[in-house]
Engineer: 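Below: one structure in structure tokens.
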2 protein chains.
Amino acid sequence: VVKFGEDVLDFALKAWEMGRSDPRKVIFAIKMGLALSIVSLLIFWKKSFHDIDIGQYSIWAILTVIVMFEFSIGGTFIKGFNRGLGTLVAGILAFCFAKLSLLAGNLEEVIIVISVFIVGFFASYLKLYPTMKPYEYGFRVFVLTYCILMVAGNRTREYKEAVTTRLVLIAVGVAVCLFVNICICPIWSGEDLHNLVVKNFKEVATSLEGCVNGYLKFVEYERTPSKILTHQASDDPLYKGYRSVMESKNQEETLLGFAIWEPPHGRYRMLNYPWKNYVKVSSALRHCAFMVMALHGCLLSEIQAPAEKRLVFRTELLRVGAEGAKVLRDLGKKIEKMEKLGPGDILKDVHEAAENLQKSIDHRSYILVNSESWEIGRRPREQEDAENVSDSKDSDDMNLGFKSLSETVLDLGSVSAAWTPSATQGASSECVFRNQPSWPLRLPFDGAGVSKEENCRTYESASALSLATFASLLIEFVARLQNVVDSLEELGEKAKFRELILNTPPTTKKSWIFCFI
Amino acid sequence: VVKFGEDVLDFALKAWEMGRSDPRKVIFAIKMGLALSIVSLLIFWKKSFHDIDIGQYSIWAILTVIVMFEFSIGGTFIKGFNRGLGTLVAGILAFCFAKLSLLAGNLEEVIIVISVFIVGFFASYLKLYPTMKPYEYGFRVFVLTYCILMVAGNRTREYKEAVTTRLVLIAVGVAVCLFVNICICPIWSGEDLHNLVVKNFKEVATSLEGCVNGYLKFVEYERTPSKILTHQASDDPLYKGYRSVMESKNQEETLLGFAIWEPPHGRYRMLNYPWKNYVKVSSALRHCAFMVMALHGCLLSEIQAPAEKRLVFRTELLRVGAEGAKVLRDLGKKIEKMEKLGPGDILKDVHEAAENLQKSIDHRSYILVNSESWEIGRRPREQEDAENVSDSKDSDDMNLGFKSLSETVLDLGSVSAAWTPSATQGASSECVFRNQPSWPLRLPFDGAGVSKEENCRTYESASALSLATFASLLIEFVARLQNVVDSLEELGEKAKFRELILNTPPTTKKSWIFCFI
């Protein structure tokens, strides 16, 4: 009993917290209670009208309010439209069929049952049609109204009275809903969509920075985060950021569906506001977020580049990450303030940074490859120099202070499982094994020293190439930013965002400061 | 009018086609019609019972059928549970409040309106609580029943009669729903989930093969497929495959929500069938699909590796692609037939293939880098050999028949925009420009010949590194397969899939054949 009491208390606290963090939910609940109270007051007030017992039909007004009262105004409009149309069509159809069934005399009820079957069949079938999805609720209302009118109306034979009273009561319910929902603290889907897109920009920026920093700090995920590997929710903040962006697709489309029904309001004073372009911007951003995901994949990857090699490109990687995040945040702010992009190229800095990274990789690409194992040799036509070559290679390694062979982190789980621990201790001075079963390497010649060494080298180079992968993914991310900017420009054009004239000087100044740091 | 007639005809044809391709939709519609007919027949048959006018309350039975009758049996169970619980709790609460309001005398209606507000507020607030999502419908029913009972019941003062008749009629509706939905051609969500997971495996396999083949055939996406770049639906079959897998997440979770409510049936004869593990397998597969997406990203990328370089690793890439797709198809078939994985390691071949690819890249990594631009030079301590080195590099290129400089495909859109067309014609014999505005390269020294050439080299090496990226992504894909196999083993264990004993010989034979091709 104490346990149950604690649970209830815990639940109450969480519910209270929910209200505090998003007061709109409290407002919504109050509005819902208010609408219901108003409807019941009206019903009590007008108990009968022209000898028609309103109370009997009061269910319609209440049902309408309960079904129609949605969180956002767009949602309320859609439901109201569905409800109105469904009721109207069903009313007309029921009226015709009722007249027809009266002609049938004795077979009246048979005709009614058959018509119910036919209407139920067609409505249920057509609502499964893909483009009919938003009107699913309308089909339900249609069938419900038709059946009630035919079955209950048949009892009293007062089809006309039944139909009209019903329509009037539904209209009352709709009016109360719209009045309460629009006049008292309206909650707009369009506003939500706007904020969601802005939030997405910030989250991708945070994830991007986190990925680049994490990669350079060589955050090693000792525990394979199995939840991420099976794409489940996880506490990793990097993961949360881009994951929420990738999964906001459905939410965006729901909000879009509501937003296009909403009348011009607040900052969105325009008929046919281009809400679709918000979703388009967000889609382009999502395309970038996929690259951030791939970058995060490198952090979690089975094959990891050694820390020293990562540090070689530290400045360049960091700068691309910082500039990329800055651009995303700037773009997010532009949307937030509903400003057009300035005349200058917002991507200039990030492109420069990406270019520098590319050049730096190009100049030092010897780090990424294992030239010792080149098939054609380093200089095939000068065999006499072969020894010198390997000498010089070794000394290069010394000069640069690389201890790559011993510090490469490899996943040769199955190999280390096959060997006894002592053998591993003795033989693997060149390879460091992590005990993850994820990258099982099968040795062609078990236990042969030569092949062991060869495999070590192979995986060393694989690990170095993973650095190249990280860099190219980052560059590809930068390239994809162009799509975001393009779609944002289209949005700014269509939604008539404010022009900003005095925009260029401060940003260039900022980027100059950045360059001199 | 003719146009409208054509539209209607077109719609009818499409609706007919929908029924042909998925007969279950027709069956569902027939069942719905049948259930409604049965309920109306029952109401006609028992027009009154113990002096209570059933017809007046007939709406409850009809409403129950319309609301509860869902496509799948799990969905019907959830709705039925919500409906039953909501009605019951509301009935009890309404009964108590009604007695209380009768005591209040003149203020009776005030008490009722206030209680409606309170109930409406709490129900609307709590249904926004995240864990309450599946019971949203229950809250609606609760508020509806409570309001109707209080408002309409107040009219007749026969709360007890109203409550009991209502409950009986709802029970009738529930019984009809369950009878029709379970006894006539049942549609199980569990079966759907099973098939969806199997389908996902096939689609990822197809996409993977398509990506690798497309990459080697150098399918050049001249027209940037803007729909893919903004992550919208597109006709590209490669894209469709993995996109549907990535977007099936919501569908899976809906099906899972329904499936866990379904009783043991058909091939799933087990209490607490591990449906959750199906979703887990699918999540692991999705994690692989993200890599396929990244591979596809390489195909669409702004920076492309030249065709000849791709062909160097042709055999290895093809083999990894083919083996990976084969493994996915095998795993899909295992789930389809509900067989456990055999004792042999299903990933053996694909790991071998990935290893070969890795080694081959390792041996020929000189293709991927631009060693001419190495900062430290090739052999910094042997300056006297510098000329020889560049000589040999050139001849290497000749030997291998590379015309990389002239055939590298670069995106220097803004550069070509900055130059006049004639200048581009004359100066860019070394660089091929594509007219895409996606990768604007800013030249630090505009028009200076030296920097132009340097940029060309930089982008040449960037394009070669993109080949390395493709290969590492492919290898990472293979590494991630382990997660799929692990989660599949867990599923097989928990769901008690059949053991397969004579499994190993045929697969090894197949793989041998494959090796000898």
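A, B, ... follow the sequence lines: proteins, then strands. Residue 1 opens every chain. Computation of the quantities below employed the complete heavy-atom set of this structure, encompassing side-chain atoms and omitting hydrogens, waters and symmetry-equivalent molecules.
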Engineer: Heavy atoms only: give me the nearest Met32(B)-Gly120(A) pair and the separation to one decimal.
Structural biologist: CG-O, 4.2 Å
Engineer: What part of Lys14(B) gets closer than 4.5 Å to chain A, counting heavy atoms only: side chain, backbone, both or neither?
Structural biologist: both
Engineer: So which residue, Phe121(B), Phe122(B), Phe28(B), Phe71(B), ends up with the most heavy-atom pairs under 4.5 Å with chain A?
Structural biologist: Phe121(B)
Engineer: Nearest 0.5 Å please: distance from the CZ atom of Arg140(A) over to the CG atom of Leu63(B).
Structural biologist: 10.0 Å
Engineer: Rounded at 0.5 Å granularity, tell me how far NZ in Lys249(B) sits from CG in Asn250(A).
Structural biologist: 11.0 Å
Engineer: Distance check, rounded to the nearest 0.5 Å: Lys25(B) atom NZ versus Lys127(A) atom NZ?
Structural biologist: 12.5 Å
Engineer: Please identify, among Ile66(A), Val65(A), Val116(A), the residue contributing the most non-hydrogen atom pairs under 4.5 Å to chain B.
Structural biologist: Ile66(A)
Engineer: For the residue pair Phe117(A) and Ile30(B), establish whether any side-chain heavy-atom pair is separated by less than 4.5 Å.
Structural biologist: yes
Engineer: Out of Val67(B), Leu36(B), Ile62(B), which residue meets the side-chain contact (heavy atoms from CB on, under 4.5 Å) rule with Leu144(A)?
Structural biologist: Ile62(B)
Engineer: What part of Ile114(A) is in contact with chain B, defined as an atom under 4.5 angstrom from a non-hydrogen atom: side chain, backbone, both or neither?
Structural biologist: neither
Engineer: Quick check: does any side chain N or O of Tyr129(A) sit under 3.5 Å from a backbone N or O of Met18(B), one acting as donor and the other as acceptor?
Structural biologist: no
Engineer: Return the option, out of Gly19(B), Ser115(B), Ala294(B), Ala123(B), with the maximum number of heavy-atom pairs under 4.5 Å with chain A.
Structural biologist: Gly19(B)
Engineer: Name the region of Ile38(B), side chain, backbone, both or neither, that has any atom closer than 4.5 Å to a heavy atom of chain A.
Structural biologist: neither
Engineer: Over all heavy atoms of both residues, which pair between Ala29(A) and Ser124(B) is shortest? Give the atoms and the distance, please.
Structural biologist: CA-CB, 3.9 Å
Engineer: What distance separates Arg24(A) CZ from Leu128(B) CG, expressed to the nearest 0.5 Å?
Structural biologist: 10.5 Å
Engineer: What part of Val26(A) is in contact with chain B, defined as an atom under 4.5 angstrom from a non-hydrogen atom: side chain, backbone, both or neither?
Structural biologist: both
Engineer: Under 4.5 Å between any side-chain heavy atoms of Ser40(B) and Ile112(A), yes or no?
Structural biologist: no
